[in-house]
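First comes the structure, then the notes that go with it.
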Amino acid sequence: MSPNIATLRDATGNRLREFAFHDEDFHELRALVKSLTGINLGEQKRELVYSRLARRLRALQLRSFAEYRELLGRDARELTELCNAITTNLTAFFREPHHFQYLRDQWLIPLAAARSGTRRLRIWSAACSSGEEAYSIAMTVAETLTDPAHWDVRILATDLDSEMLARARLGIYAPERLHGVSPPRLQRFFIEHREGGVVSQRIAPEVAALVAFKQLNLVRALPMKGPLDAVFCRNVVIYFDKDTQRDLFARIARLQRPGDLLFLGHSESLFRVSESYALIGKSIYRRV
Ligand SMILES: C[S@@+](CC[C@H](N)C(=O)[O-])C[C@H]1O[C@@H](n2cnc3c(N)ncnc32)[C@H](O)[C@@H]1O
């Protein structure tokens with residue numbers, strides 16, 4: 001069996017790689033990524049940085065990470081590519097389904113049943129990736145509020161990654177990305193889309209109309225005024241250190257009123273991060 005190039009080493013014990021990648025490359029790139037995105041790349045992320053950025057070096061026909069760093073210093077467009085390459089975008093329709101059940105049963109159904117009260121709903125999907133989370137919220141709203149014309153619903157969906165936002169706006173999904181969507185929802189909220197012999201599903205205009213996609217960096221100022229009834233900030237702060245998390249949730253808390261909802265990812269928590277929220281369910285919080 002021929003050895004893998006990634007496991008070969010030179011006479012001094014350094015790995016033989018397609019592109020020269022030294023300690024200073026890793027340290028400088030991780031500092032740059034932290035300042036641009038808040039993403040904290042620990043020592044164990046060295047290989048991830050190499051493999052995700054090697055694609056950029058190949059596309060740009062560079063020979064080393066030193067050349068890539070030099071390019072980053074003089075071409076701001078490459079900073080966008082760097083962010084897009086480093087972010088982890090894994091997502092799915094109705095991921096962590098209990099959040100959508102809670103939204104429907106504990107919030108939307110009681111609101112719809114109330115004779116008086118607000119008809120204005122503002123929901124934020126704070127790291128929406130390719131859009132599945134925001135569209136799952138929109139489907140939940142559309143199937144629960146039976147008289148949508150009488151409601152003022154807006155779902156703001158934001159992400160740092162410009163490539164993911166372009167996909168999200170397109171709203172076309174391959175069949176293998178639709179596992180979380182039940183057959184009735186598929187029938188009601190999607191339209192078959194054929195292109196070059198490939199069959200996929202496009203989000204129906206009724207659902208798409210509820211969502212606005214915008215680029216927004218969570219470690220910069222939040223431009224919205226609020227109040228936000230519900231915030232989905234799921235599976236993104238795991239990439240941030242505690243100080244960055246504290247700062248972010250302090251800013252989010254300012255956009256919410258007591259009782260408003262906050263949903264985090266399954267491995268995230270506000271323990272020692274924020275005292276502005278009370279845990280009320282599995283990674284579900286209410287503003288206190
Ligand atoms: C793993 S996905 C989570 C998607 C979705 N919320 C979910 O739970 O399925 C994490 C997303 O966070 C985004 N992200 C990372 N750092 C960010 C930042 N500083 N500002 C905004 N989005 C960021 C990434 O681009 C990526 O799309």
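Just so you know, ligand 1 is whichever comes first in the structure, and atom 1 is the first atom listed for that ligand.
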Going by the atom numbers of ligand 1, which of them fall below 4.0 Å from some non-hydrogen atom of [X]?
| X | result |
| --- | --- |
| Ala127 | 3 (C), 4 (C), 5 (C), 6 (N), 11 (C), 12 (O) |
| Thr91 | 4 (C), 5 (C), 7 (C), 9 (O) |
| Leu90 | 1 (C), 2 (S), 3 (C), 4 (C), 9 (O) |
| Thr87 | 15 (C), 24 (C), 25 (O) |
| Ser129 | 4 (C), 27 (O) |
| Leu216 | 20 (N), 21 (C) |

Open item on the list: Centroid separation under 6.0 Å, is that true for the rings of Tyr285 and Phe249?
Closed with: no
Task: Ring centres under 6.0 angstrom apart (Phe93, Phe190) - done: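 Yes, the ring of Phe93 comes within the 6.0 Å limit of the ring of Phe190, centre to centre.
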Task: Distance-only N or O hit between ligand 1 and Ala92, under 3.5 Å - done: no
Task: Tyr239 N/O to ligand 1 N/O under 3.5 Å - done: no
- [ ] Please determine if Arg185 forms a cation-pi arrangement with Phe94, meaning its NZ or CZ atom is less than 6.0 Å from the six-membered ring centre and no more than 45° off the ring axis.
- [x]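 Checked: cation-pi criterion met.
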TODO: Determine, for Tyr50 and Arg17, whether the Lys NZ or Arg CZ falls below 6.0 Å from the six-membered ring centre while staying within 45 degrees of the axis.
DONE: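 Yes, Arg17 sits over the ring of Tyr50.
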Salt bridge present between [X] and [Y] (N-O < 4.0 angstrom):
| X | Y | result |
| --- | --- | --- |
| Asp260 | Arg286 | no |
| Arg30 | Glu43 | yes |
| Arg46 | Asp23 | yes |
| Arg154 | Asp229 | no |
| Glu70 | Arg74 | yes |
| Glu268 | Arg234 | no |

Can you tell me if [X] has a non-hydrogen atom under 4.0 Å from ligand 1?
| X | answer |
| --- | --- |
| Met164 | no |
| Leu36 | no |
| Phe232 | no |

Is it the side chain, the backbone, both or neither of [X] that has a heavy atom closer than 4.0 Å to ligand 1?
| X | answer |
| --- | --- |
| Thr158 | neither |
| Phe94 | neither |
| Glu133 | side chain |

Nearest heavy atom to [atom]: which of [options] does it belong to?
| atom | options | answer |
| --- | --- | --- |
| atom 20 (N) of ligand 1 | Thr244, Leu218, Leu264 | Leu218 |
| atom 2 (S) of ligand 1 | Ile39, Thr88, Asp161, Val219 | Thr88 |
| atom 25 (O) of ligand 1 | Asn235, Val33, Asp159, Asn217 | Asp159 |

Who's the nearest protein heavy-atom neighbour of [atom], and how far?
| atom | value |
| --- | --- |
| atom 7 (C) of ligand 1 | Arg95 NH1, 3.2 Å |
| atom 22 (N) of ligand 1 | Leu160 N, 3.3 Å |
| atom 15 (C) of ligand 1 | Val236 CG2, 3.7 Å |
| atom 19 (N) of ligand 1 | Thr37 O, 2.7 Å |

- [ ] Please test Arg52 against Thr88 for side-chain hydrogen bond (donor to acceptor under 3.5 Å, both in side chains), starting from the C-alpha separation and ending with a verdict.
- [x] CA-CA 10 Å; Arg52 291 195 179 170; Thr88 298; 3.0 Å; yes
TODO: Keeping the roles fixed (side chain from Tyr135, backbone from Ala168), state whether a donor-acceptor pair exists under 3.5 Å.
DONE: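 Here the side-chain-to-backbone pair exists.
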Open item on the list: Apply side chain to side chain contact (heavy atoms under 4.5 Å, CB included) to residues Leu145 and Val153 and explain how you reach the verdict.
Closed with: CA-CA 10 Å; Leu145 304 180; Val153 181; 4.1 Å; yes
